[in-house]
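Beneath this line is the structure, given in structure tokens, with notes to follow.
Each chain gets a letter, A, B and so on, in the order its sequence line appears, and its residues count up from 1. These numbers were taken from a predicted model, which means no experiment stands behind them.
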Amino acid sequence: MSDSAVSAAPLATIASLAQHEGQTVTLRGWLYNLRESGKLLFPIFRDGTGTIQGIVPKAAVPEEVFTTIKNLTQESSVVVTGKVRADKRAPSGFELDVENIEVIHRIPEETPFPISLKEHGVDFLMEHRHLWVRTPRQSAILRIRATIMRAAQEYFDTNGFIRTDPPILTPNACEGTSELFEMDYFDQEKAYLTQSGQLYIEATALALGKVYSFGPTFRAEKSKTRRHLTEFWMIEPEVAYLELDGLMELAENFVSHIVKRVLEGHQADLKVLQRDVAKLEAIQAPFPKISYDEAHAMLEEAYKKGAIENPHTYGDDFGSPDETYISSQFDRPVMVHRYPAAVKAFYMEPDPKDPTKALCLDVLAPEGYGEIIGGSQRVSSYELLKSRIEAHDLPLEAFQWYLDLRKYGSVPHAGFGMGIERVVAWVCGLDHVRETIPFARTLNRIYP
RNA sequence: UCCGCAGUAGCUCAAUGGCAGAGCAUUCGGCUGUUAACCGAAGGGUUGUAGGUUCGAGUCCUACCUGCGGAGCCA
């Protein structure tokens, strides 16, 4: 096991082994699992890009190499040298004929790696999230998350948007509704963690035309559902002179682009997740668009057929089961627009054709995943906005700067926010958003 | 906050009010094509906490703690 022998072969990653068929390469990673059959060992290695099974016949390697591998423990870190060989029996199509190994850190058997290959409960896994992320499934999700974030930014960056990041510490509620995380801001003041950058990017949109923000947002709501985190990432475009129709077009092109990028780069990961790829391939703009009234009619029909448990009251927002039903009726995301203004935020522009409705949209992901995007055209009239702020009992002083935007060259403008974790959950086919972020923050967990 | 469910070996789970068990993990032994390998053996327990009922409680009752699922709210 000389170091020179180990380092002599060129470095490779497991994901790129197809390019190294027949060559001897060096992999740097960890032991994922070890099976043995007498004088034959089958160590499976992982390196963050994938997994590969090594083959170690006792007769083919020095005694010391065989013994070292035979005594390895799960998740011990190793540098392995071996020859890449195509093999039909291997799930990835390739195997590694191990020639040499260097153990970087061997986990003692008294303290085995806690996460075995067998089934575990949610609480145990979340308690060991720092180790859980090593498993193939979790790694696949995190790689797809990275692509979704990159594709989202790429779409805006290549379409003339300027990224302008709003503050994370804010002086007041953006919408005056959700619960906020509060903290002391030096001596006299309170500060709050942002729940949306929207109001701030309305300001930068009027400066730069097309902008977006991307960062973490915080909600102190005591929600405990598969769709909620207390800390989540949101990407929000805001565009001057954009109206509702244009906003819907932006949303469908944006979402289609993201799904396309995942399909291009993550076939292997989607396979690990056992995702039905055909369902993702159907995600192409344009998306179906229905009004709140039409959605309400669908729900009435569904209730008559017994497809949903409770009737939907006209005028109310849609509940979680309502959204799930509506979205499950389409093979691509459905855009629901023009909700009753009364149930929506104060800053949404009323529909000139029916002022009781707001020029807003929700995008509901298919397969019952529910809302991934919420957005609207914003009130552009100073007087209307001022009266709305007052009607919602919001402190006028705090919104003075926001009102200024309507005082100096106000224009129609619109934007939306997309929750990254919900998109990851949908694209990966997961049943809970806690697996979509490296370290989820939920109502009952802030560790690890 | 409300409704429902659950806490037993490191993990996943059994156990009619009557001796606390299995699989995996760990250790030892066997096996040259295994795919969460398999076969044999060993070690491993204050049954979430505090009370109560009972001859006897993992099991029944009360309170609390922790977690899970759902609702509301939202992305």
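For B:rC24 and B:rU49, the C1' atoms lie 29 Å apart once the distance is rounded to whole Å. As rounded to the nearest Å, B:rU54 and B:rU59 have C1' atoms that lie 13 Å from one another. B:rC3 and B:rU46 have their P atoms separated by 35 Å, with the value rounded to a whole Å. Annotation: B:rU47 and B:rG40 have their P atoms spaced 31 Å apart (nearest Å). Comparing the same atom, P, in B:rC61 and in B:rU53 gives a spacing of 15 Å after rounding to whole Å. Going from the P atom of B:rC5 to that of B:rA75 covers 32 Å, rounded to whole Å. For the C1' atoms, the distance linking B:rU34 with B:rG17 amounts to 47 Å, nearest Å. As rounded to the nearest Å, B:rG23 and B:rA15 have C1' atoms that lie 15 Å from one another.
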* Asked: What string of B, S and - do you get for nucleotides 27-34 of chain B 5' to 3' if you count protein non-hydrogen atoms under 4.0 Å?
  -> S---BBBB
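Between A:Trp233 and A:Lys118, the one whose closest nucleotide on RNA chain B sits nearer the 5' end is A:Lys118. With RNA chain B read from its 5' end, the first of the two nearest nucleotides for A:Gly121 and A:Ile372 is the one closest to A:Gly121.
Here the C1' atom of nucleotide B:rC74 and the CZ atom of A:Arg227 are 10 Å apart, to the nearest Å. Going from atom CD of A:Glu221 over to atom C1' of B:rG72 covers 10 Å, rounded to whole Å. Put simply, CG on A:Asp123 is 14 Å from C1' on B:rG69, counting in whole angstrom units. Atom pair A:Lys224:NZ and B:rA75:C1' shows a separation of 20 Å (rounding to whole Å applied). Per the geometry, CD1 belonging to A:Ile373 stands 11 Å off P belonging to B:rA75, to the nearest Å. Between the CG atom of A:Leu72 and the C1' atom of B:rA25 there is a distance of 17 Å, given to the nearest Å. The CD atom of A:Glu371 sits 11 Å away from the C1' atom of B:rC73 (whole-angstrom rounding). The nearest whole Å value for the distance from the CG atom in A:Leu117 to the C1' atom in B:rG23 is 15 Å.
Using a cutoff of 4.0 Å between basic side-chain nitrogens and carboxylate oxygens, A:Glu21 and A:Arg85 are not scored as salt-bridged. Look at A:Glu127 and A:Arg445 and you find a salt bridge, because one of the NZ, NE, NH1 or NH2 atoms lies within 4.0 Å of a carboxylate O, short of that distance. Classification of A:Glu323 and A:Arg227 as a salt-bridged pair holds, one side-chain N sitting under 4.0 Å from a carboxylate O.
With A:Asp269 as reference, A:Arg143 is the one residue of A:Arg145, A:Arg275, A:Arg137, A:Arg143 to meet the salt bridge (Lys or Arg N to Asp or Glu O under 4.0 Å) rule. When each of A:His337, A:Arg338, A:Lys357 is checked for a side-chain hydrogen bond (donor to acceptor under 3.5 Å, both in side chains) with A:Asp351, only A:Arg338 meets the rule.
Summarising the geometry, atom CD1 belonging to A:Ile104 is positioned 11.0 Å from atom OG belonging to A:Ser76; distances are rounded to the nearest 0.5 Å. Note: A:Cys360 SG to A:Asp362 CG = 6.5 Å, rounded to the nearest 0.5 Å. To the nearest 0.5 Å, atom NE2 of residue A:His296 and atom CG of residue A:Asp322 are 10.0 Å apart.
Considering only side-chain N and O atoms, A:Ser223 lies nowhere under 4.0 angstrom from the phosphate OP1 or OP2 of B:rC74.
Contacts of A:Ile115 with the nucleic acid, taken as non-hydrogen atoms under 4.0 Å apart, are absent. Among the heavy atoms of the strands lying under 4.0 Å from A:Glu119 is at least one base atom, whether or not backbone atoms are also near. Within 4.0 Å of A:Gly319, counting heavy atoms only, lie sugar-phosphate atoms of the nucleic acid but no base atom. Within the nucleic acid shown, A:Phe124 comes within 4.0 Å of sugar-phosphate atoms alone, with no base atom in reach, counting heavy atoms only. Residue A:Asp362 is out of contact with every strand shown, counting any heavy-atom pair closer than 4.0 Å.
Each side-chain hydrogen bond (donor to acceptor under 3.5 Å, both in side chains) pair with one or both residues in residues 300-309 of chain A, not counting sequence neighbours, would appear here, but there are none. Pairs of residues two or more places apart, or lying in two chains, that qualify as side-chain hydrogen bond (donor to acceptor under 3.5 Å, both in side chains) and include a residue from residues 244-254 of chain A are A:Glu252-A:Lys289.
Taking 3.5 Å as the limit, the base of B:rC74 and the side chain of A:His228 contain a donor-acceptor pair of atoms between them.
The closest side-chain heavy-atom distance from A:Leu250 to A:Tyr155 is below 4.5 Å.
Counting heavy atoms of neighbouring residues, nucleotides and ligands inside a 6.0 Å radius, atom CZ of A:Arg28 does not exceed 12 of them.
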* Check the pair A:Arg89, A:Gln53 against side-chain hydrogen bond (donor to acceptor under 3.5 Å, both in side chains), reporting the backbone distance first and the verdict last. => CA-CA 10 Å; A:Arg89 290 168 292 193; A:Gln53 175 167 275; over 6 Å; no
* To do: Assess whether side-chain hydrogen bond (donor to acceptor under 3.5 Å, both in side chains) is satisfied between A:Ser376 and A:Arg378, documenting all intermediate values.
  => CA-CA 6 Å; A:Ser376 71; A:Arg378 322 303 190 187; 2.7 Å; yes
* **Derivation and outcome, side-chain hydrogen bond (donor to acceptor under 3.5 Å, both in side chains), residues A:Glu202 and A:His413** => CA-CA 8 Å; A:Glu202 284 185 53; A:His413 60 288; 2.7 Å; yes
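For A:Phe232, taking side-chain heavy atoms from C-beta onward, the closest of the listed nucleotides B:rC24, B:rU1, B:rA75 is B:rA75. Residue A:Pro91 has its side chain nearest to B:rU35 when only B:rA75, B:rU35, B:rG67 are considered.
Proximity of residues 422-448 of chain A to RNA chain B (heavy atom under 4.0 angstrom from any strand atom) is restricted to A:Arg422, A:His432, A:Arg434, A:Asn444. A heavy atom closer than 4.0 Å to some atom of RNA chain B occurs in no member of residues 247-261 of chain A.
Not less than 6.0 angstrom separates the ring centroid of A:Phe399 from the ring centroid of A:Tyr347.
Consecutive Watson-Crick or G-U pairs involving RNA chain B, each under 3.5 Å on both distances, make up stems of three or more pairs at B:1-7 with B:65-71, B:10-13 with B:21-24, B:26-30 with B:38-42, B:48-52 with B:60-64.
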